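A short write-up of the structure that comes next.
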Amino acid sequence: MAVSEEESSSASGNSSRSPPSNDGPHYLAKCVLKGSVVLQVVYGHIRSPSSKDIVFGKETSLEMVMIDDYGVLQSICEQPIFGTIKDIAILPWNNRFRTAIPQLQGKDLLLVTSDSGRLSVLSFHNELHRFFGLFHTTLSVPNGNLRHEIGRMLAVDSNGCFIATSAYEDHLALFKVSSSTSADIVDKKIFCPSDDEKNTSTSMGVSGIHGTIWSMCFISKDMRQLSEEHDPLLAILLNRKGSLLNELLLLEWNTKENFVHVLSQYAELGPLALDIVEVPYSYGYAFLFRVSDALLMDLRDPHNPLCVYRTSLNFLPSVVDDHNFIEESYRTNDVDEEGNICNVAASALLELKDIVKDDDPMNIDDDAGYASKSTSNRVCSWCWEPGNFVNPRMIFCVDTGELFMIEIYSESTGLKVNLSDCLYKGLPFKELLWAENGFLTAIAEMGDGMVLEFEDGKLNYRSPIQNISPILDMSLMDYHDEKQDQIFACCGMAPGGSLRVIRNGVSLERLLKTAPEYIGITGTWAIKMKLTDWYHSFLVLSFVEETRVLSVGVSFTDVTDTVGFRPDVCTLACGIISDRLLVQIHQTAVLLASPAALAHPDGIPFPSPNCTTWSPDNTAINLGAIGNNFIIVATSNPCSLFILGVRQLGDYRYEVYQMQNVRLDYELSCISIPQKSVKEDIFYYPVNYDKIDPTHGVKIGNTFVVGTHRPSVEVLSFEPGHGIKALAIGVISLVNSAGITISGSIPQDVRLVKVDQLYIVSGLRNGMLLRFEWPLPDVDSVNSMHSSIVSEVASDSFLVNLELISIRRIGITPAFLVPLNDRLDADIIALGDRPWLLQTARRSLSLTSISFQASTHATPVCSSECPNGILFVSENSLHLLEMVHNKRLNVQKFHLGGTPRKVLYHAESRLLLILRTDLSDDSCTSDICCVDPMSGSVLSSFKLDPGETGKCMELLKAGSEQVLVVGTSLSSGPVIMASGEAESTRGRLIVLCLEHKQNSDSGSMTFYSKGGSSSQRMSPFREISGYGTDSLCSSPDDNSCDETEPWNLRLAYSTNMRGIVLAICPYLDCYFLASASNAFYVCCFQNDNSFRVKRLAVGRTRFMIMTLTTHFTTIAVGDCRDGVLFYSYNEDSKKVEQLYSDPEQRLVADCLLMDIDTAVVSDRMGSIAILSCSHHSDIASPERNLKVCSSIYMGEIVMSIKKGSFSYKLLADDEMRDGDIASSIMDLSRSSIVASTLLGSIILLIPISRDEYELLEDVESRIAEHPLTAPILNHAHVCHRHRRSPVGAAKILDGDMLGQFLDLTNAQQEDILAVPDDPHHMYRLKPRKPKRHLNVNKCSEFASIWYRSRGPHRNSALPLDVQSTAAPQRISGRTS
């Protein structure tokens, strides 16, 4: 039996924790896809005074987004907060306040309340690309009385002078923003009531603040008519205990005497008041939203509040035609009089209004969730038009999903309110935000939101805002075409339920694919005809002994002969040097070509191109690059560098001539010439340090960067008449954690990047990426080394030593760098073992995986039909893809209707089997349907009986046949008593056979065919005929879109059960288990016949059984109170025996057996635990409890746990194959765990060894305390992540916390491991002696195991596992 509740609570409440045991498995938890549920939306100038930023509060993370000119939401950054957000608000900039911090001049601040019990003031750090905590003040004791914890709701004065925050009941706090030169944001505060309740008074006949606070807002005053010191007026909506109406109270805070006075109260008979909303720029008016109406209140005299205008919401103007809106009708969730929620648990979790529920905790399986519907319209969200000082306008949404606009205007008789017709109809939106560019952000509760644009008095749809929550079930499988895993997830609730296909990395739209005929490609380039062209004109493909030039357009046509490039050579480099002048560099010569008009309309007016060549004397060219003004080629024997120019001799006649030739000490490995755009000239370092230019005047257009076999990267410049000048050098000297020099550290590619500052990115031949920067002026950067150039003209007198900032390994193959365009701030595709997107605007080396297979070459191909096209070369095929910028998540949606509950993959038919409930069909409300995973179309379905609801299903073997066993409910109402015991209910066990129905003209049983047709293979480029297609095929040689033969579900067997069947699972090879209420049955198919099911034995628990899982002979049963219990079945005696019990009481959400001794279990409180019985010996012992080996509190309810890695199949690192960790890498796919949550998160649990655990645990504790990486809301990280862990249990390490380590520079990593002296200082790092010697390389090397197996999302990268020995420089103060 499990321990008693009293024993459990006393044990968990013990403050003195014993050291955790090192026995049992160790795991690291990483959230690879953060929850998509948006609970709060705010808007302000966060990054800069001119930026227009939107911040989403997503319960466990903050996401900053922006809306581009096309109405598409673009994610800027997302940051975990290691806690739970209660509310967020914007503190606007005010010139009369916050003048003490120069870095914040003109920027708005973000206010956040959370379960840390503090009010946090955050600012965005542009260089480090994340939020930082500026100020924290304590509101309440964490984890105290939830009703009295201040912080549930925030309100901010529109002038940015005052802040208010309240609890559920009775308590609130007021803060005054500092106007002094002190560093604190807040200089005065008051809590109501105080401990002695002597800081609050009331007027005659007015009651105090006693009751539930529903809403509040400041009634702002005109700053132009006020002095610095003025008293704020706060309006709160209060419900007193036992009252049927809500009261409007007006409070004034006397800031001098620090006293709160309740001035007046307002209440009238009628509908229930829900919200109080200030009218901006009106200085004394507010809207009181009630059920079915809205009152415009005049609060200019706070002692005498008046209603000046009443607007009815029950007699709204006629709605426009339904075809302009979303086709389906949507229902909302209502609250009964006693405050119980008539909705599923997922909806309760996602409610924007916090409601204390005391109903059935398993209400997620209740089918009466949408039984009731309000008959009166109520406002559920609203937003004001920004910047409208004359006639304020508000757009609001009622609970029917209709959007309206209210305009307030002034007449001689007073203010008037004008209510518009319905502007849009869709989901009932829970949050609305009106941005300055006219776009409206509408957030739905359990469905996709949208971006709308207000123009010409109408709202027009622009783009979706994806929301995949809640994820009720998932199926993890391999995506065969890309060697990666993908997740099929049941998402959303009726009527917007959908199937989502979740993949790794940046989303790419696959447009075209050729046959695998392109063997031996050595390079690809896209070339423009003119320097000022927006689109590319030619695509150049270089082979080992051939070059082909194709025109870019609707079709790709071979124009090699009319362009002028030599076709019988391997091209080393090509490009445009001037308008209509193209350059081809091959091993023997440099060719200058003017294409003919047959190749391009802007070509020369001759039937053939004009060409001229230049060749070096008695040597071969091995490298080359083309700039806007000159050409660079390099030779290896001897090592020389040639600077070539082009001059015009006559009409359409040019020549290539040598401008300079220098000898090299070292052979060059790569050359890159930054392209000078039309508007760019000279870029200097963005910060003016005493007018010193740290880049020494790098001039774009005359500068180039080379990589050498030294190895090194060097920045050189060339000016005619002055020769070549060496500007900077970065020597590459890398060693691994064992102190051995790493081979292959020769630059394969190099790029100069300019985003706020200049820096250099280099890809090495051993698969590493390096980032070099110019050092700060106060650092001695004069280098004793010399450039690789040997020349009298070259000057080393001011050679700068570049500082190696960051190192990343992206594989073991050479790393190529492909910019997405010619701009210096363009993001870069890094090609290695797989493609990555290098985000150049981020600090350090910030990489995000690209959802595509390993490629050898890539080039951007921009055309009018495909402006964001990218051509990849992979597996001897050309793939034309387009970067999808309108998808924040790499998720594909297939609308299914109803609520999808369970999903399984049927391998033989290659179909998905999905169990749906809450259908709108009159004949049934639940069915099992067969869905095509490529198109999302429902091919067939099996309808359950009327009133019957599907609860679970599993694919099982009945002899040689595979059948689907389904568990259902035949009862309505709650299934569990408040005590956890099962209600008296009925269910049914159904066995369905999957039949393949053949068409009369086809005898083939193959569902999909992958072979390409012969017509597609006649010509290598015939299949590239256009960019758009309505076909659902993933590629031209994929015939999966052919007409398919149907699969049907046929009823084979059914039997009634005494209880609802909530769980089914296979057991051994010949049995299966099915639960009903608090019993589970061991069953088999008699004589392997699916028409006959026999019950062999029964096991019982005390409470309702929620989950069943097995591994070999072990049966793990999860119930709604006793947690996880282990059983076994004795085949001889045909009896079920209980083996072990859970030591803790837990309401199990899902459970998975990793082996016969170890279970992974999630509960409905947001925790994940690893339980094991391996500590028990064979000796009989009275204690039969499982041991909690490790646990972590995620703050999200995990509903589905599967084995898998959700990652690309990468080549293992050569250096790791011979090490102790090689077996760990190879075993990750079998021992890793993938979990999905109600908030839409995907979490990986990755096993690690004891040595790795001990090291990373120490690193995690230091990261959690360092100012650069500590929780931004001032949470105690250990207390938060392990708040529900029993005494003595080890920690599951937090991969989100550890992941921040890899996004830092080398010097910052060293500072963290050294533990800085001042953990609260944000802008300065002061290293001191470490508590324990931790090697940066060793930490990162261990981290590489879990990083290789994680499913990268945003900001993902492989870790540093090397160090540089080339004169490292400290960067103290660099983060400011």
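Because the structure is a prediction, the values reported are computed rather than measured. If you read the sequence from its start, that first residue is 1, and numbering goes on from there. Side-chain atoms are counted along with the backbone in the values below, which use heavy atoms only and exclude waters and symmetry mates.
- Annotation: side chain of Ile1272 is in contact with side chain of Leu62 (closest heavy-atom distance under 4.5 Å).
- Within the 3.5 Å criterion, the main-chain N or O of Ser51 finds a donor-acceptor partner in the side chain of His45.
- Side-chain contact of Thr848 with Gln839: a donor-acceptor pair under 3.5 Å is present, judged by distance alone.
- Checked by atom type and distance alone, the side chain of Asn890 pairs as donor or acceptor with a backbone atom of Gly505 at under 3.5 Å.
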Practice task
Kindly determine whether His1280 and Phe82 satisfy ring-ring contact (aromatic ring centres under 6.0 Å, His included), including the steps that lead there.
Solution key: CA-CA 7 Å; His1280 172 72; Phe82 306 103; 7.9 Å; no
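- A donor-acceptor pair under 3.5 Å is formed between the side chain of Thr165 and the backbone N or O of Met153.
- Using a distance-only test at 3.5 Å, with no hydrogens or angles considered, no donor-acceptor pair links the side chain of Ser1200 to the main chain of Ser1236.
- A salt bridge is defined here as a Lys NZ or Arg NE, NH1 or NH2 lying under 4.0 Å from an Asp or Glu carboxylate O, and Asp448 with Arg500 meets this definition.
- The backbone N or O of Cys490 sits nowhere less than 3.5 Å from a side-chain atom of Asp473 that would complete a donor-acceptor pair.
- The pair Lys34-Glu78 fails the salt-bridge criterion, with no side-chain N (NZ, NE, NH1 or NH2) lying under 4.0 Å from an Asp/Glu carboxylate O.
- For the side chain to side chain contact (heavy atoms under 4.5 Å, CB included) with Tyr27, the qualifying choice from Ile1248, Ile1233, Leu1293 is Ile1233, the only one to do so.
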Practice task
Decide yes or no on side-chain contact (heavy atoms from CB on, under 4.5 Å) for Glu59 and Thr84, but give the supporting numbers first.
Solution key: CA-CA 5 Å; Glu59 186 150 328; Thr84 301; 3.8 Å; yes
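- Side chain of Asp1296 to main chain of Lys30: no donor-acceptor pair is present (N/O by atom type, distance under 3.5 Å, no hydrogens or angles).
- Ring orientation note: the planes of Phe124 and Phe131 are nearly perpendicular, at an angle over 60° on the 30°/60° scale.
- Formation of a donor-acceptor pair under 3.5 Å by the Asp1163 side chain with backbone atoms of Arg1146 is not found in this model.
- Side chain of His1275 to main chain of Arg1281: no donor-acceptor pair is present (N/O by atom type, distance under 3.5 Å, no hydrogens or angles).
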Practice task
Take Ser1191 and Ser1167 through the test side-chain contact (heavy atoms from CB on, under 4.5 Å) and record every step on the way to the result.
Solution key: CA-CA 7 Å; Ser1191 67; Ser1167 295; 5.9 Å; no
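- Counting only heavy atoms from C-beta outward, the side chains of Met493 and Pro470 approach each other to under 4.5 Å.
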